[in-house]
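As the structure is a computational prediction, the values presented were derived from the model and not from experiment.
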Amino acid sequence: MALALVVAAPSGVPQDASPARGTTAGKPAPRPFGAECRTAVAGPDVVAYCHNPYPETDHVRLHVECARWWDIDSDSRPVDAQPALTVRLTGRCWKEVRAVWVSHQR
């Protein structure tokens, strides 16, 4: 699947009046950040693999919300996803899993 983006300058604005490439009104563009995470649920067990393609360490945490009111939700300890590395996070419920997500911190 291909996607094309066409940007046109508004009429009356010279092309050289735009800010320098990679900047927004004189401010540098934000650096890309955040590991890409994939989660899988198999019954009560949860696993997440997070790969960090960026040069800055991402501190990732796995959050598991259980379906039963008496089942305890859990949050993993922060794990350092170093640049160019993949980390594995695991969690579980006693019964069914309601929701799973991964949080990121610089």
ILVMFWY clustering at 4.5 Å (side-chain atoms), partners of Tyr49: Val47
Go through the structure and list residues passing side chain to side chain donor-acceptor pair (under 3.5 Å) with Thr90, not counting sequence neighbours. none
So the disulfide (SG to SG under 2.5 Å) pairs with at least one residue in residues 56-106 (sequence neighbours excluded) are Cys66-Cys93
Residue set satisfying side chain to side chain donor-acceptor pair (under 3.5 Å) with Ser74, at least two apart, ordered chain then number -> none
Of Leu85, Leu89, Leu62, Val79, which is the lone residue that meets side chain to side chain contact (heavy atoms under 4.5 Å, CB included) with Cys50? Leu89
Which residues pass the side chain to side chain contact (heavy atoms under 4.5 Å, CB included) test with Trp70, sequence neighbours left out? Arg68, Trp94, Lys95
Please determine whether residues Val87 and Val46 belong to a single hydrophobic cluster, defined as Ile, Leu, Val, Met, Phe, Trp and Tyr linked transitively by side-chain heavy-atom distances below 4.5 Å. yes
Which residue pairs pass the salt bridge (Lys or Arg N to Asp or Glu O under 4.0 Å) test when at least one of the two sits in residues 80-92, sequence neighbours left out? Asp45-Arg92
Give me the atom names and distance for the closest heavy-atom approach of Val97 to Pro44. CG2-O, 3.8 Å
Nearest non-hydrogen partners of His104 and Phe33, listed with the distance: CB-CE2, 4.3 Å
Suppose we screen for side chain to side chain donor-acceptor pair (under 3.5 Å). Which residues come up paired with Glu65, at least two apart in sequence or across chains? none
Give me the atom names and distance for the closest heavy-atom approach of Ala81 to Asn52. O-ND2, 2.8 Å
Compile the donor-acceptor pairs under 3.5 Å between side chains in residues 34-42 and protein atoms, sequence neighbours left out, one pair per line.
residue, atom, partner, partner atom, Å
Glu36, OE2, Arg38, NE, 3.3
Glu36, OE2, Arg38, NH2, 3.0

Could you name each residue pair satisfying salt bridge (Lys or Arg N to Asp or Glu O under 4.0 Å) that touches residues 51-64, not counting sequence neighbours? Glu56-Arg106
